[in-house]
> 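For reference, the structure I am asking about is given below.
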Amino acid sequence: DGAHTFCSNGTRAALALEGAPREEAMEVLSSEEPVSLRRDINGVGLRMPEGEATGLRPLPMPVWGALGGRPAAFGLVGNPQLVVEVPKVAEVDLFAFAPPRRHHKSFKGGSNINVLEITGEHEARIRSWERGVEGETLCCGTGCAVAAAWMAQRTGRGQWMLHTASGEAVTVELKSLPGGAWKDLWLSGPVRRIGEATPDAALLAI
């Protein structure tokens with residue numbers, strides 16, 4: 001996202017690289033966050049960071065007015081995520097809606113913005129605007145994680161399928177804990193190689 005923060009999909013995609021470990025499960029560090037990876041029926045699963053630095057947080061009240069009173073949640077999972085429930089994600093003009101909230105003064109360093117449409121007991125649609133990219137992305141894994149954690153807290157259902165802008169779905173399963181915390185939050189979805197690139201030597205020197 002343009003900063004030294006945790007990227008769940010980037011971590012999962014590492015197992016699609018040539019020469020990646022072939023173990024079914026492994027413990028790794030990603031942006032200094034200890035996480036677990038596993039190969040499962042949905043592709044590659046990642047157990048999200050957990051502990052005091054992660055979880056749902058009280059929504060900063062100044063943001064509430066900026067959301068027009070819509071149901072919303074804010075959470076941390078290696079990066080900040082604002083999730084806003086809307087009637088139809090397809091009808092949201094993210095280019096108009098997201099930037100003012102992404103840069104809202106309540107969020108030090110800004111926040112990713114996600115709009116969420118609940119479509120069933122265990123399913124939802126989600127679209128995400130990511131900082132650094134400064135635009136909509138096909139799937140924000142950490143945004144999906146916070147959205148699912150919020151829905152699990154609200155409904156008591158610990159497993160969700162989230163249909164992303166890519167047209168593919170990711171699944172999230174977790175155990176909700178008091179105070180907005182979670183345990184064993186797994187994000188799973190497909191990963192695949194789509195091409196090859198040779199980095200500029202200056203990039204490798206960073």
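No experiment lies behind these values; they were computed from the predicted model shown.
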> Do Val35 and Arg47 have side-chain heavy atoms sitting under 4.5 Å apart?
no

> Taking side chain to side chain contact (heavy atoms under 4.5 Å, CB included) as the definition, give me every residue that meets it alongside Ala16, ordered by chain and number, with sequence neighbours left out.
Val191, Arg193

> For residues 177-189, which side-chain N or O atoms pair as donor and acceptor with protein atoms under 3.5 Å away, sequence neighbours left out?
| unit_1 | atom_1 | unit_2 | atom_2 | d |
| --- | --- | --- | --- | --- |
| Trp182 | NE1 | Pro49 | O | 3.1 |
| Ser188 | OG | Asp40 | OD2 | 2.8 |

> Which residues pass the side chain to side chain contact (heavy atoms under 4.5 Å, CB included) test with Arg57, not counting sequence neighbours?
Phe74, Leu76

> Of all residues at least two apart in sequence or in a different chain, which pass the side chain to side chain contact (heavy atoms under 4.5 Å, CB included) check with Glu23?
Pro21, Met26

> Could you grab the distance from atom OG of Ser176 to atom CD of Gln153, nearest 0.5 Å is fine?
6.5 Å

> Can you give me the closest heavy-atom contact between Gly143 and Val83, atom names plus distance?
O-CG2, 4.3 Å

> Would you say Glu32 and Phe6 make side-chain contact, with heavy atoms under 4.5 Å?
no

> Taking side chain to side chain contact (heavy atoms under 4.5 Å, CB included) as the definition, give me every residue that meets it alongside Ala124, ordered by chain and number, with sequence neighbours left out.
Leu116, Met151, Leu162

> Of the non-hydrogen atoms in Thr137 and Ala165, which two are nearest, and what is the gap between them?
O-CB, 4.0 Å

> Of all heavy-atom pairs between Pro199 and Ala197, which one has the smallest distance, and what is that distance?
CD-O, 3.6 Å

> For the residue pair Ile126 and Cys144, establish whether any side-chain heavy-atom pair is separated by less than 4.5 Å.
yes

> Using side-chain heavy atoms (C-beta onward) and a distance below 4.5 Å, is Glu33 in contact with Glu50?
no

> Can you confirm whether Arg38 is buried at CZ, in the sense that more than 12 heavy atoms of other residues, nucleotides or ligands lie under 6.0 Å from that atom?
yes

> Mind listing the closest non-hydrogen atom pair of Gly110 and Pro80 along with its distance?
O-CG, 3.3 Å

> Without swapping roles, check the side chain of Ser111 against the backbone of Leu82 for a donor-acceptor pair under 3.5 Å.
yes

> Taking Asn112 for its side chain and Gln81 for its backbone only, find out whether a donor-acceptor pair lies under 3.5 Å.
no

> Of all heavy-atom pairs between Pro190 and Ala169, which one has the smallest distance, and what is that distance?
CD-O, 3.8 Å

> Could you check if a side-chain atom of Val84 sits within less than 4.5 angstrom of a side-chain atom of Phe97, using non-hydrogen atoms only?
yes

> Quick one: pull up SG in Cys140 and CG in Asn79 and give me the separation to the nearest 0.5 Å.
6.0 Å

> Mind checking salt bridge (charged side-chain N to carboxylate O under 4.0 Å, His left out) for Glu91 and listing every partner two or more places apart, or none if nothing turns up?
none

> Please report the C-alpha distance between Arg39 and Arg22 in whole Å, then the side-chain angles of each, then the deciding distance to 0.1 Å, and finally whether the side-chain contact (heavy atoms from CB on, under 4.5 Å) criterion is met.
CA-CA 9 Å; Arg39 301 181 190 278; Arg22 301 309 304 171; 3.5 Å; yes

> Does any pair with a residue in residues 6-18 pass side chain to side chain donor-acceptor pair (under 3.5 Å), and if so which ones, sequence neighbours excluded?
Asn9-Arg12, Thr11-Ser30

> Excluding sequence neighbours, so at least two apart, what forms ring pair (Phe, Tyr, Trp, His ring centres under 6.0 Å) with Trp129?
Phe95

> Sorted by first residue and then second, give each salt bridge (Lys or Arg N to Asp or Glu O under 4.0 Å) pair with at least one member in residues 141-164; sequence neighbours left out.
Glu85-Arg154

> OG1 of Thr54 to CD of Glu52: how many Å apart, nearest 0.5 Å?
9.5 Å

> Can you name the residues that form a salt bridge (charged side-chain N to carboxylate O under 4.0 Å, His left out) with Lys108, not counting sequence neighbours?
none

> Can you list every pair that meets ring-ring contact (aromatic ring centres under 6.0 Å, His included) and has a residue in residues 132-160, with sequence neighbours left out?
none

> Any heavy-atom pair between the side chains of Leu15 and Leu37 that's under 4.5 Å?
yes

> Tell me which pairs pass side chain to side chain donor-acceptor pair (under 3.5 Å) where either residue lies in residues 161-170, with sequence neighbours left out.
Glu123-His163, Thr164-Ser166, Glu168-Arg192

> In Å, rounded to the nearest 0.5 Å, how long is the span from CZ of Arg125 to OG1 of Thr119?
5.5 Å

> Could you check whether Glu117 pairs with Arg127 (Lys NZ or Arg NE/NH1/NH2 to Asp/Glu carboxylate O, under 4.0 Å)?
no

